[in-house]
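Convention: sequence-line order gives letters A, B, ...; per-chain numbering from 1.
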Number of protein chains: 2
Amino acid sequence: MSDADFDLTQFLPYLLNQAAEASSLEFQKIYKDRYGMLRTEWRVLFHLGLYGRMTASEIGARANMHKTKISRAVQRLAERRFVTRSRDDADRRVEHLALTAQGQAAYADLHQVAQRYDDELTAGLGPAERAALKKMLVALSAKFPAGFT
Amino acid sequence: MSDADFDLTQFLPYLLNQAAEASSLEFQKIYKDRYGMLRTEWRVLFHLGLYGRMTASEIGARANMHKTKISRAVQRLAERRFVTRSRDDADRRVEHLALTAQGQAAYADLHQVAQRYDDELTAGLGPAERAALKKMLVALSAKFPAGFT
DNA sequence: TTGTAATAGTTGTTTTTGTAACTAACAAGC
DNA sequence: GCTTGTTAGTTACAAAAACAACTATTACAA
């Protein structure tokens, strides 16, 4: 029944999922408890916090997130007054999103948590290893060129 | 608006999620198209294929999967005649799961695909890097000791 | 025994996600 | 002007996941 040399726990997609899930838990607890946010929502929040005002499509392209996810995340974030939406005058299909003061505050808080948390997660690694790990992960993410519409 | 030294795309939970999602896509396509399976289902299948007959709880403990997920995965796998369930005589709460011939065949096929796919994913890395990557991922997965019930 | 707690697994209900179809606005060709 | 095609974003419906409550069985202690 067992196979010569295949170890499920070494299968990269499996391993990545496990690591992703495990490493997201603690952070999730925080954005959920403090702000009632979902994963899609903190991501949108972070994009706006980091890169400033942008449109849903731009966020989608950067985050590799489907537009319906973003639409719903923005809706909830707007309801809770974390972001504002404003129509573009030139092209009235597009909507510019930006953080409110409250959104900025939440972002500042979570951003700081994230940074600390990231340090904590990679505490066991030397700087070189840490960089190597992230580089490999970026490469893996890029391998499949985001076939999203 | 932008922050001195925080890069979202370098935030480990984010990065891991991106990599996990990206690297799962191709494999997902295969188990879905060929066998109509969900992620939970191929995982159960692999556990049985790899470790032989075992119970739902054992799978849950190993795979860090909630019991309801497993219950439903097993249900579907049993309906489609990939696994059989048999009650334990000594303790009639527990059920032993095992692959049918059909289940074995599916496992053999997918197992081989997985192996190839894993090689492909890590093709750009040397053996040492590959090992280091996996080791770090295992460590990250283990960091949070599976608070599941 | 019998009463309480624990364990294996299932079922029901609610959230979230995925997928596809849709509206509204623009663009370009004719 | 009118088609036809494209893009931004939303909405509706189906699939999947999360969470909580449940049944059945065993364990164990008074």
With heavy atoms under 4.0 Å as the rule, sort [X] into base, sugar-phosphate or nothing.
X: A:R39; result: nothing
X: A:I70; result: nothing
X: A:A73; result: nothing

- Query: Would you find more than 12 non-hydrogen atoms of other residues, nucleotides or ligands less than 6.0 Å from A:R76 atom CZ?
  - Reply: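 Yes.
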Using whole Å, report how far [atom1] of [X] lies from [atom2] of [N].
X: A:W42; N: C:dT16; atom1: CH2; atom2: C1'; value: 17 Å
X: B:K67; N: C:dA6; atom1: NZ; atom2: C1'; value: 11 Å
X: B:N17; N: C:dT16; atom1: CG; atom2: P; value: 17 Å
X: A:Q28; N: D:dA18; atom1: CD; atom2: C1'; value: 10 Å
X: B:K69; N: C:dA8; atom1: NZ; atom2: P; value: 19 Å

Side chain of [X], heavy atoms from C-beta onward: which of [options] has the nearest atom to it?
X: A:R76; options: C:dT16, D:dT25, D:dA17; answer: C:dT16
X: B:R72; options: C:dG12, C:dT16, C:dG9; answer: C:dG12
X: B:E95; options: D:dG9, C:dT10, D:dT10; answer: C:dT10
X: A:H66; options: C:dT19, D:dG9, C:dT10; answer: C:dT19
X: A:R92; options: C:dT19, D:dA17, C:dA25; answer: C:dA25
X: B:T68; options: C:dT19, C:dT10, C:dT16; answer: C:dT10

Between [X] and [N], is there a contact of a side-chain N or O with OP1 or OP2 at under 4.0 Å?
X: A:R87; N: C:dC26; result: no
X: B:R93; N: D:dA24; result: no
X: B:Q75; N: C:dT11; result: yes
X: B:T55; N: C:dA8; result: no

- For the pair B:H47 and B:Y51, name the ring-plane relationship: parallel under 30°, tilted 30 to 60°, perpendicular over 60°.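 B:H47 and B:Y51: tilted rings.
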- Task: Please work out which of the three classes, parallel, tilted or perpendicular, describes the rings of A:H111 and A:Y107, given edges at 30° and 60°.
- Result: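 Judged by the thresholds at 30° and 60°, the geometry between A:Y107 and A:H111 is tilted.
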- Query: Quick check, are the ring centers of A:Y14 and B:F46 under 6.0 angstrom apart?
  - Reply: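 Between A:Y14 and B:F46, the centre distance exceeds or equals 6.0 Å.
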- Taking for each residue the nucleotide of DNA chain D with the nearest heavy atom, is it B:D89 or A:S71 whose nucleotide lies nearer the 5' end?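 Mapping each residue to its closest nucleotide by heavy atoms, the 5'-most match is A:S71.
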- Does a side-chain N-to-carboxylate-O contact under 4.0 Å join B:K134 and A:D7?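 No, B:K134 and A:D7 are not salt-bridged.
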